[in-house]
Amino acid sequence: MPFGFLSRVPGMRNVALYTSVPVFEPLPKVPDHPAIEEEILDWWEGQEIFAKLRRRNEGGPTFSFFDGPVTTNKPMLVHTAWGRTLKDVFQRYKALRGFDERYQNGFDCQGLWIEVGVEHDLGLNSKRDIEEYGLEEFARKCRDKVVWSANELWKGSKRLGQWMDWGNDYFTFSDTNIEYVWRMLRAVHERDYLYMGHRSTEWCPRCGTSISQHELIGSYVDRADPSLYVRFPLLDRPGEFVVIWTTTPWTLPANVAAAVNPREEYGRRANGEWVAVKRYPDETLVDRRPGSELVGWRYRGPFDEIVSVDHVVIPWEDVSMDDGTGIVHIAPGCGTEDFELGQKLGLPVLMPVDESGRFYDSFGWLHGLSTVESAEQIIGDLEEKGILVEAGLHEHRYPECWRCHTPLIFRLADDWFISVRDLRQQMLDANATVEWVPEYMGKRMDDWLHNMGDWNISRRRYYGLPLPFYPCACGHLNVIGSRRELEARAVSGLEQLEELRRPWIDRVPIRCDECGEAVQRVTEVGDVWLDAGIVPFSTLGWQNDEWVPEGNATGAARGLTTADLPDHAYWEKWFPADWVSEMREQIRLWFYSQLFMSVVLTGKAPFRKVLGYEKMLDETGREMHGSWGNTIAFEEAVDRMGADVMRWQYCAQPPDRNLLFGFGPAQEIKRKLLTLWNSVSFFVEYANIAQFTPSWSSLEPDAQAPLDRWLVERTHAFVVDAAGRYEAYRVDEVMTLFEAYLDDLSNWYIRRSRRRFWDEDQAAFATLWYALVQTLRVLAPVMPFIADHLWRNLVPDGPESVHLAQWPEVGEPDRALLDEIEEVRRVVTLAHQARASANLKLRQPLRRLVVEGANGASRHSAEIADEVRAKSVEFGTVEAQLHVKPNLPALGPRLGKELPAIRQALQSGDFEELAGGRFRVGGHELEPGEVLVERSGREGFAVASEAGLTVALDTVLDDELLLEGRAFDLIRTVNQLRKDEGFELVDRIVLTVPEGERDVVETHRDRIAGEVLATEIRVGGALGIAKS
RNA sequence: GGGCGAUUAGCUCAGUUGGUUAGAGCGCCGCUCUGAUAAGGCGGAGGUCCGUGGUUCGAAUCCACGAUCGCCCA
């Protein structure tokens, strides 16, 4: 006998004793998630589980996923962990299904984010500071920052349980990646999309660079700026002025014109000031004239003593009558529309401020002042000159720099652009082939594509992709497409070219294609989204002839990765991505730049499906801000809740709503997780007692008992439905399914089956084991740690890890059976309600239950009787008082205004029942479909009903029932006592009951003894138990 | 400033083509069940369905206007 001595007491609950080693490891009361996770991480590594998984799936169907590169300027955050969890979940799911995957992680390593972080670390605060610090050293510090951040992200991601090919990551600052962008830019140039634009753009004076359209996302903030009304004296009309309004005083020195709407009416105030009539309807204005008559009037500019240009009133049909004076100050050097208007009319262009937003020396006493500093002095000066009409503050929305929050200015600059004229429609067509989850995000992409302007790709910065543009004095623009080409055409400087990067690359002039002269590179670097957008090409070896080992470990990425540069066949295999996933703001960023490049290079979309998701907030719905003290560090989250709980929280979140993340919600999840834990724990405890031995080879039980059959079908339904939701990239719906399934498993199957486990019913064990094992397989992608931890305990002879076990194959569930049990549970709920309304606790047995309107449940009457503790269950008509209500959707259209009266009549019982379920009321005959008939309130019965289902519980208690009720009370009391006194589950007792309980014991002795494991029951004396 | 969306219990949210007593989860209170469970079950308190007006026999739902919030665009 392998399990040693077994004791059985005849007629008792068959709880056996075991004395030898249990099959399953007993579970502690609660799981220690961090401890389990650390242990599993070690075990995965030691057993090379991930490597085994990849080997197994090698050569299988491919599932191509592109990882959007995370910016390497921060440690791991709980925000980052959300996205990483989603990426991991679906890659794991696809791996269970046998898909071959690449698992390449990516880092975004250049651009303003990195520079600004390093500037901050070094205490630098301007471009001049950086140049004084030295570009070479600055570049090294930027790389250090990237290395630090990459290490943090590796560490955190592994701790989160993310399975990626760590060590084969791509870094966007590799020379390889840079070369691929060059190649793309050259293709753009060959198609004539590339041009240098001289125009007024949003400009960050602190960063000293222009800001492109997609960088303006979310950058408008509410601000209070100066609001100035200024009058310009008219040269040919003494004593008269035009009055303008502005919120940017620093642009006044650049004024060259005042625009009026030629179609609107203007008038003169008594003091000589001209304004639009519509703007001042209550004022007395004389000499009214259409705007067209003001056109051509010359005026004296506000700063003529500094800059002398001719000022004139010009026509502009877009002048709005919604704010200001109806006359608009025009400074073509300081505004986009002003510039365009100026170009059309041939107005002079004045550029008042330099790259850092300070006035040029040529602006007299203003020189050196910043746009902000100058405001007050300009206001003072205008007042002194007597041309300031009014000064105040104006609240409006104004754009800030997305990185440093400096208010942007408009500044004329030479920037490099890619024209989107031809590409727009191609991109829209490509996007139409993409399936977006949630759907509205695809529409957002369309909106953006419809509205986007030409792409400003140049930044006047340092640590970024060097634009390979070499404009020659001869007028020819040389665009270098590869390192090889650079080397072939270099005049000098190759020996010092450490990386394709500033400052080294700036020391390599090339020979002009056209005239043969040496040409310098422009100093600009590229928009960081070029780096990220090229990834589907640079990492997959697009148009690369020969596979290059470690070919992506070039330039700054050398030593950080071992990623190869594959050949073109590999690109063909893995492009486009089957799926990508990032947060919503990436629509206009990474999703856009990827789409852009892909359309340029291939004419196709680079991905088939996209999962986008909204923002993360704290658990009260506020943004997480360091200064508000409501941020949660990744390490703290992992230590306090555990990675599985975090992952559940992320996965349960519908992607179209903000995630309210925190320890409160984590607590709720832990409670739910505990139900799963306890279900396994229950199984383990009793399976050990019953020496149940599971067998992986006969996984699915041949269920005979109705309840077992139900659980098997219920499990099939869960597996099938969960697969559907995974396939739709809605893991939140997988979690919803799981919660419902877990409730069924725990609060119906286990609760209903407890006695069978006590009785060592092997079929029950086999069924529960099957359900638990399948559950772990479904949950493995979401909670890889706890799933594997429990798997290793429950499945001794199957695959060593749940992640190697593949997605469960199950048959089509028997939905009809599931519906029946659904109905049973509704009947039980109603019966419990009826009990409560009659004040009858469940321990009191009742004579009978009558059920009406639940025919499917009739096959399970024993089940219902037991749950409700009724001696019998009848299915039939509940004879009760008749209530007739109007069926409003049916009767409303027919009766119209008469309806309230009929309704009233029915309610007060003022009707006559006719044959065939028809009723006569208030002169109308109502058909059966036009009324809702309910019965209730039968004498001696407690009735409850809901949606066509009615139950009636016989509440009459006879002596027999009362006595039995007392027996249940006694059992309950004694069992509580056993628990309180710390008795083992299998301890046998001698029970002593008071004299008053003699009648109960005499009638129900065997039942009581069996339920409380009493070998003997003594009557007389105080209630007590002792070990026998 | 323009466009889109939202506003329902203390919190997070459901609420079908307009229909009968507006729901769920969490939290709170009471009762109850329980030898896996910190769980479960039943009940209670808690609602100006943002406001005003309209259409309709009937409006959380449809229409108009307004308020507030969010997102996108400028």
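Just so it is clear: chains get the letters A, B, ... in the order the sequence lines come, proteins before strands, and each one is counted from 1. The basis for the numbers below is simple: all heavy atoms, side chains too, and nothing from hydrogens, waters or symmetry mates.
Of the candidates B:A38, B:C73, B:C71, B:C73 carries the atom nearest the A:Arg588 side chain, counting heavy atoms from C-beta on. Out of B:C71, B:U34, B:A36, the shortest distance to the side chain of A:Arg843 is found at B:U34. Relative to the side chain of A:Leu674, the nucleotides B:C73, B:A38, B:A36 differ in distance, and B:A38 lies closest. When distances are taken from the side chain of A:Arg671 to each of B:C71, B:A36, B:A38, the shortest belongs to B:A38. Among B:A38, B:G25, B:C73, the nucleotide with an atom closest to any side-chain atom of A:Glu668 is B:G25. Among the nucleotides B:A38, B:C73, B:U37, the one closest to the side chain of A:Asn678 is B:U37.
Within 4.0 Å (heavy atoms only), A:Ser679 reaches at least one base atom of the nucleic acid. Across all strands shown, A:Lys443 has no heavy atoms under 4.0 Å from either base or sugar-phosphate atoms. Within 4.0 Å of A:Thr620, counting heavy atoms only, lies no atom of the nucleic acid at all. In this structure, A:Ile750 reaches the bases: a heavy-atom distance under 4.0 Å links it to at least one base atom across the strands shown. At a threshold of 4.0 angstrom between heavy atoms, the contacts of A:Arg584 are confined to the sugar-phosphate backbone, with no base atom among them.
Between the side chain of A:Asn793 and the backbone N or O of A:Glu25 there is at least one donor-acceptor pair closer than 3.5 Å. Side-chain atoms of A:Asn688 come within 3.5 Å of backbone atoms of A:Phe24 as a donor-acceptor pair (strictly under, hydrogens ignored). A:Gln667 places no side-chain N or O within 3.5 Å of a backbone atom of A:Arg671 that could act as its donor or acceptor partner. Judged purely by atom type and a 3.5 angstrom limit, A:Asp644 uses its side chain to pair as donor or acceptor with the backbone of A:Ile786.
B:A38 and B:G27 are spaced 14 Å apart, taking the P atom of each and rounding to whole Å. For the P atoms, the distance linking B:A60 with B:U7 amounts to 15 Å, nearest Å. Nucleotides B:G5 and B:C50 place their C1' atoms 15 Å apart, quoted to the nearest Å. To the nearest whole angstrom, the two C1' atoms, one in B:U8 and one in B:G25, are 15 Å apart. Rounded to a whole angstrom, the distance from the C1' atom of B:U17 to that of B:A64 is 23 Å. When the C1' atom is compared between B:C29 and B:U68, the two are found 34 Å apart, to the nearest whole Å. Remark: the separation of the C1' atoms in B:A9 and B:G44 is 14 Å, to the nearest Å. Rounded to whole Å, the P atom of B:G2 lies 31 Å from the corresponding atom of B:C11.
For the pair A:Arg622 and B:C11, the criterion of a side-chain N or O lying under 4.0 Å from OP1 or OP2 is not met. The side chain of A:Trp677 places no N or O atom within less than 4.0 Å of a non-bridging phosphate oxygen (OP1 or OP2) of B:A38. Between A:Arg754 and B:U34 there is no side-chain polar atom (N or O) within less than 4.0 angstrom of OP1 or OP2. Considering only side-chain N and O atoms, A:Lys29 lies nowhere under 4.0 angstrom from the phosphate OP1 or OP2 of B:A36.
What separates CD of A:Glu614 from C1' of B:U12 is a distance of 16 Å, to the nearest Å. One interatomic measurement links the two molecules: OH of A:Tyr592 to P of B:C72, which rounds to 17 Å at whole-angstrom precision. In this structure, A:Phe968 atom CZ and B:U34 atom C1' are separated by 14 Å, rounded to whole Å. Between the C1' atom of B:G19 and the CD1 atom of A:Ile902 lies a distance of 17 Å, rounded to the nearest Å. Atom OH of A:Tyr440 is separated from atom C1' of B:C4 by 12 Å (rounded to the nearest Å). Between the NE2 atom of A:His450 and the P atom of B:G2 there is a distance of 22 Å, given to the nearest Å. Taking atom CD on A:Glu739 and atom C1' on B:C26, their separation rounds to 12 Å, with Å as the unit. Rounded to whole Å, atom C1' of B:A38 lies 13 Å from atom NZ of A:Lys670.
The pair A:Arg869-A:Glu964 does not meet the salt-bridge criterion, since no charged nitrogen lies less than 4.0 angstrom from a carboxylate oxygen. Using a cutoff of 4.0 Å between basic side-chain nitrogens and carboxylate oxygens, A:Glu585 and A:Arg444 are not scored as salt-bridged.
With the nearest nucleotide of RNA chain B identified for both A:Asn451 and A:Leu977, A:Leu977 has the one nearer the 5' end. If A:Asn747 and A:Gly621 are placed on RNA chain B by their nearest nucleotide, the residue sitting closer to the 5' end is A:Gly621.
A:Arg657 contributes no side-chain N or O that forms a donor-acceptor pair with the base of B:U12 under 3.5 Å. Between the base of B:A36 and the side chain of A:Ser746 there is a donor-acceptor pair shorter than 3.5 Å.
Base pairing of B:G23: its partner is B:C13, meeting the Watson-Crick or G-U wobble criterion (both donor-acceptor distances under 3.5 Å). If you check B:C49 for Watson-Crick or wobble pairing at under 3.5 angstrom, you find it has no partner at all. Taking a pair to require two hydrogen-bonding distances under 3.5 Å in either a Watson-Crick or a G-U wobble arrangement, B:U7 pairs with B:A67. With both pairing distances under 3.5 Å, B:U55 is matched to nothing as a Watson-Crick or G-U wobble pair.
The shortest side-chain heavy-atom distance between A:Trp436 and A:Asp446 does not fall under the 4.5 Å cut-off. Contact annotation: the side chain of A:Ile1008 never approaches that of A:Val974 to less than 4.5 Å [non-hydrogen atoms, C-beta and beyond].
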